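So the structure is just underneath, and the comments pick up after that.
In listed order, ligands and their atoms are each counted from 1. These numbers were taken from a predicted model, which means no experiment stands behind them.
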Amino acid sequence: MKTRIGILTGGGDCPGLNAVIRAVVIAAAKNAWTTFGFLGGFEGLLNPVRARVLDPDDMDGLLFLGGTILGTSNSGRFAAKVGHGEKREIDHAVIVEAKGNFDRLGLRALVVVGGDGSLSIAQQLHDGGVPVVGVPKTIDNDIAGTTVTFGFDTAVSFATDALDRLRCTAASHERVLVCEMMGRYAGWIAAHSGIAGGADAILIPEIPFNIERVCEKIREREKDGKRHSLVVVAEGARQDGGEFVTQGAPAAGIGPGGGAFREARLGGVATMVADEIQKRTGKETRVCVLGHLQRGGVPTTFDRMLCTRFGVGAVRLISEERFGVMVASVPPDTIGIPLQEAIGRLSTVPPDGDIVRTGRALGISFGD
Ligand code: F6P
């Protein structure tokens, strides 16, 4: 029988997932391997198994197609994180069921394309006897051990473009525009796009903010005759001593069959910031939430390249029989690092690092 491998995409979707699938399937076919794609994220590994053979001849067009042809999920029996990122052990019976199905399909390895939560499930599957290779995905860019995750560059490009547009309308109407961006507990998207988009203030989770400092910046600009301002707020930003701003009911932890385990939904901090700015400065202040627009669309050239290198790298690690590892970009190479190194900690924006120092040197306020 030909060697068989499996692949699935887990967690929130992200530009470039299909480009990774394409690279894995084509590189595997060059080794005369067959690739099975599991549908609906990790749930596809459970009974009834939802899997289909991925034909290399069907990969045309996937390089630039957003979303994931395999589908994905970040809640349910395989949710690895709840609340504000607290890790959760997957039920042992679920791991055993997945391993049984993996063995019945005669697979040699499983490629898990996912973020921090999915990679921690990958580690648990690996501990349960499934030979796993991880691929780091997330627009949030918060996975340790790799200099960058795929999807981030596309999200930042979109966010920067949005700021360019918001700057024009803010200037025309002499308003303050507050733009909220994704990123969970890391401010990478906000910091990069904020600097590239010429924001006047950038609020990130790594630097708790004081709303009065943000208002001072706006008043200062006003004195200089600049009657509009652009404020970027990461969804995980919070006031010094304050709580994260979340949406909807608190994360449920009900369990299989009765509901879904899932993380808290961040969102709404921009509205709070805008209300305070308007109240304290008297400036008309509007909010724009970029939301899921950051996760959709065509991956940038940089991301297509990264996805392709990651996919090919994952197949190389399988052929070297290296499991329980994740492909990582460590320029100039794509290497394999232990999954444990990636999932143990989040990569966040260093508050005293070059990015923040660059912003401060330009007079950008970080609200502190
Ligand atoms: O992790 C990616 C991400 O897009 C975060 O930036 C955001 O907080 C979260 O997923 C949103 O997830 P959902 O679409 O499930 O609400």
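Nearest protein heavy-atom contact of atom 7 (C) of ligand 1 is Glu235 OE2, 3.3 Å. Here the heavy atom of the protein found nearest to atom 1 (O) of ligand 1 is Asp140 OD2, 2.7 Å.
In terms of heavy-atom proximity, Ala201 sits nearest to Val214 at CB-CG1, 4.3 Å.
Residue Gly183 places at least one N or O, backbone or side chain, under 3.5 Å from an N or O of ligand 1. Checked against a 3.5 angstrom limit, the closest N/O atoms of Arg295 and ligand 1 fall inside it.
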Donor-acceptor pairs are to be reported for all side-chain atoms of residues 127-136 against protein atoms at under 3.5 Å, with residues two or more places apart or in another chain.
residue	atom	partner	partner atom	Å
Asp127	OD1	Gln123	NE2	2.9

What pairs of donor and acceptor atoms, side-chain ones from residues 332-355 against any protein atom, are under 3.5 angstrom apart with sequence neighbours left out?
none

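Ring orientation note: the planes of Tyr185 and His84 are nearly perpendicular, at an angle over 60° on the 30°/60° scale.
Between Leu177 and His228, every side-chain heavy-atom pair lies at or beyond the 4.5 Å cut-off.
With His292, Lys137, Arg265 as candidates, the residue nearest to atom 13 (P) of ligand 1 on a non-hydrogen basis is His292.
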